Amino acid sequence: MIDDFFELEPYALAREEKHKLLSSRLNELTRQHYGKCPQYKAMCDAIGFVPEDDTPYEELPYLPVSLFKKLDLMSVPREEIFKTMTSSGTSGQAVSKIYLDRETSSLQQKTLVKIVSSFTGANRMPMIIIDCPSVVKNRAMFSARGAGILGFSMFGTKKIYALDDDMNLNLDELKEFLSEHKDEKILLFGFTFMIWQHFYKELLKIDPMTLDLSNAVLIHGGGWKKLVSEQVSAEDFHKRLEEVTGLHDIHDYYGMVEQTGCIYMECECGHLHASNFSDVIIRDPKDLTVCEPGERGIIEVVSSLPQSYPGHCLLTEDEGTVLGEDDCPCGKKGKYFKVHGRLKNAEIRGCSDTYAAKF
């Protein structure tokens with residue numbers, strides 16, 4: 001069933017076709033987790049939900065994303081778990097634990113490649129990771145930050161870290177790397193606040209265009225909470241980076257460790273897009289009914305990938321608005337949307353925002 005998704009371009013399906021394919025897959029996952037995860041079955045039974053074959057995915061049970069901080073949820077025997085992912089969290093804050101078997105992990109990697117390569121092209125590129133190397137040391141227990149770096153590293157050929165383990169800029173190494181790959185397209189990856197704090201602000205102290213990144217593409221994510229508090233908008237972020245480095249091909253993304261692989265990439269029009277592999281549903285905070293496009297509410301995310309744990313339908317703690325469907329000027333099919341930020345009083349999460357909390 002999941003193979004059908006990989007035979008298509010990631011933003012090729014219009015509403016009716018996508019809804020049919022995704023509903024079928026999500027019903028399949030619901031039946032699987034109902035039969036193999038005792039806690040998930042107990043929760044479905046408690047609300048009187050019995051898995052069927054043709055339930056629209058808007059009507060499938062969804063779990064609050066915070067539940068993964070409290071329960072060990074898995075739908076495979078523990079001995080088949082080979083990787084545990086943890087969410088970002090501030091000091092003393094509980095983190096989510098996501099248990100992956102090899103097949104689920106492989107699906108996540110293949111999906112990430114399918115989505116991101118539709119923006120960057122099929123060829124791998126020399127890569128600058130705007131972070132420090134120590135983040136990826138523990139390969140068995142991946143933090144969301146380390147997992148993000150390793151996931152996107154698949155798109156790089158030769159790779160370099162822009163920061164040392166004290167978060168200082170490796171300026172000489174960066175200059176040498178860019179000189180070595182002068183005529184090649186460069187991929188940059190990092191988390192939004194770290195890019196601003198440790199990359200942009202440091203370059204600002206030096207002569208403009210010390211690093212020429214006019215032939216680079218930047219992918220960044222992890223939340224905007226700190227930058228919004230500093231009154232830095234997405235437009236400011238783009239403009240200032242271009243002024244200092246010449247960088248103009250910049251894409252934010254929305255994603256979470258609980259649904260790794262199914263990220264929502266920002267197009268050239270500044271819209272976040274749901275691919276064929278996933279979707280967003282906006283729910284009214286008063287009664288959790290589905291909001292109409294243009295209405296603000298709580299974001300639910302659905303993903304076709306989670307097989308080893310019941311994470312296919314999750315209610316987040318973020319607010320958002322669906323802006324439209326199938327009609328974005330960029331040409332991509334599917335829903336496009338905006339994330340407004342965290343719900344009031346929700347815990348900080350996201351690699352960028354949790355790191356920024358200490359500032």
Side-chain angles (χ1 to χ4, degrees), residues 1-33 51-63 104 106-119 251-256 258-283 288-295 297-307 310-316 318 320-339:
M1 175 72 210
I2 188 63
D3 292 341
D4 295 342
F5 289 83
F6 291 102
E7 294 173 1
L8 301 162
E9 290 302 311
Y11 300 97
L13 292 180
R15 175 184 172 85
E16 189 173 336
E17 298 170 284
K18 176 178 176 177
H19 195 274
K20 181 178 179 181
L21 183 65
L22 196 53
S23 286
S24 179
R25 170 61 175 171
L26 291 171
N27 275 278
E28 177 187 19
L29 288 173
T30 300
R31 292 192 300 273
Q32 176 183 320
H33 296 311
E52 298 175 351
D53 290 336
D54 56 356
T55 304
Y57 60 78
E58 294 88 349
E59 298 175 20
L60 291 172
Y62 45 83
L63 303 184
T104 302
S106 175
L107 287 175
Q108 290 176 345
Q109 290 183 346
K110 286 172 64 179
T111 303
L112 187 66
V113 168
K114 190 86 172 175
I115 292 171
V116 175
S117 61
S118 70
F119 285 83
H251 302 275
D252 191 8
Y253 76 90
Y254 176 67
M256 59 203 69
E258 292 85 0
Q259 287 188 354
T260 297
C262 280
I263 64 171
Y264 301 85
M265 288 281 288
E266 179 188 48
C267 72
E268 59 268 29
C269 302
H271 298 148
L272 295 168
H273 280 262
S275 72
N276 300 339
F277 295 91
S278 62
D279 206 0
V280 294
I281 301 163
I282 307 298
R283 294 196 176 273
L288 297 178
T289 55
V290 177
C291 292
E292 294 295 322
E295 295 181 343
I298 305 171
I299 299 174
E300 179 191 346
V301 287
V302 300
S303 169
S304 59
L305 305 184
Q307 296 186 165
H312 56 308
C313 300
L314 299 177
L315 190 68
T316 74
D318 297 323
T321 302
V322 169
L323 303 174
E325 188 169 12
D326 295 341
D327 58 0
C328 181
C330 77
K332 292 177 173 58
K333 300 294 186 184
K335 286 180 192 166
Y336 55 100
F337 65 103
K338 178 179 178 62
V339 178

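Keep in mind that this is a model prediction, so the values were computed, not measured. Heads up: numbering here begins at 1 and tracks the sequence.
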Item to complete: Quick one: closest heavy-atom pair of T104 and L305, and the distance?
Response: CG2-O, 3.9 Å

Worksheet entry | Flag side-chain contact, heavy atom, 4.5 Å: Y62 against I281 | no

Response to the item:
Rounding to 0.5 Å, atoms CD1 (I282) and CD1 (I298) come to a distance of 9.5 Å

Fill in: Between CD1 on residue I115 and CD1 on residue I263, distance to nearest 0.5 Å
6.0 Å

Worksheet item: How many angstroms lie between SG in C267 and NE2 in H273, if you round to the nearest 0.5 Å?
Response: 3.5 Å

Discussion item. What's the separation between atom OG1 in T289 and atom CD in E295, rounded to the nearest 0.5 Å?
Written reply: 8.0 Å

Worksheet item: Tell me, do Q259 and L314 make a side-chain contact under 4.5 Å, heavy atoms counted?
Response: yes

Item to complete: Can you measure from CD (Q109) to CG (L112) and round to the nearest 0.5 angstrom?
Response: 8.5 Å

Worksheet item: Should the heavy atoms of other residues, nucleotides or ligands under 6.0 Å from CZ of R15 be counted, would the total exceed 12?
Response: no

Discussion item. Ring centroids only, cut at 6.0 angstrom: are Y11 and Y336 within range, meaning strictly under it?
Written reply: no

Worksheet item: How many angstroms lie between atom OG1 of T316 and atom CE of M256, to the nearest 0.5 angstrom?
Response: 5.5 Å

Worksheet item: Below 4.5 Å, heavy atoms only, C-beta onward: do C291 and R283 meet side chain to side chain?
Response: no

Worksheet item: For R31 and P51, which heavy atoms make the closest approach, and how far apart are they?
Response: CG-CB, 3.7 Å

Fill in: CA sep, side-chain torsions, deciding dist, call: E17, L21, side-chain contact (heavy atoms from CB on, under 4.5 Å)
CA-CA 6 Å; E17 298 170 284; L21 183 65; over 6 Å; no

Item to complete: Kindly check if the number of other-residue, nucleotide or ligand heavy atoms within 6.0 Å of CD (E268) is above 12?
Response: yes

Worksheet item: Is there a side-chain contact between K335 and D279 (heavy atoms, below 4.5 Å)?
Response: yes

Worksheet item: Between T260 and Q108, does a side-chain contact (heavy atoms from CB on, under 4.5 Å) hold up when you go through it step by step?
Response: CA-CA 6 Å; T260 297; Q108 290 176 345; 3.7 Å; yes

Worksheet item: Has the side chain of S24 got a donor or acceptor atom that lies under 3.5 Å from a matching backbone atom of K20?
Response: no

Worksheet item: How are the rings of Y264 and F337 set to each other: parallel, tilted or perpendicular (split at 30° and 60°)?
Response: perpendicular

Discussion item. Could you walk me through whether V280 and E300 satisfy the side-chain contact (heavy atoms from CB on, under 4.5 Å) test, starting with their C-alpha distance in whole Å, then the side-chain angles of each, then the deciding distance to 0.1 Å, before giving a yes or no?
Written reply: CA-CA 6 Å; V280 294; E300 179 191 346; over 6 Å; no

Worksheet item: Is there a donor-acceptor pair closer than 3.5 Å between any side-chain N or O of D326 and the backbone N or O of G334?
Response: yes

Worksheet item: Is D318 reaching over with its side chain to a backbone N or O of I299, donor-acceptor style, under 3.5 angstrom?
Response: no

Worksheet item: Is the closest side-chain heavy-atom distance between S304 and L22 below 4.5 Å?
Response: yes

Worksheet entry | Q32 side chain near Q307 side chain, heavy-atom distance below 4.5 Å | yes

Fill in: Any donor-acceptor N/O pair, T111 side chain to L107 backbone, under 3.5 Å
yes

Item to complete: Tell me whether the guanidinium CZ or amine NZ of K110 lies under 6.0 angstrom from the six-membered ring centre of F6 and within 45° of its axis.
Response: yes

Worksheet entry | Within-4.5 Å side-chain heavy-atom neighbours: C313 and L63 | no

Discussion item. If you take the centroid of each ring, where Trp contributes its six-membered ring, are Y57 and H19 closer together than 6.0 Å?
Written reply: yes

Fill in: Closest non-hydrogen atom pair, P306 against S303
CD-OG, 3.4 Å

Discussion item. Between E266 and H271, is there a side-chain heavy-atom distance shorter than 4.5 Å?
Written reply: no

Worksheet item: Short question: side chain of K18, backbone of S275 - any donor-acceptor pair under 3.5 Å?
Response: yes

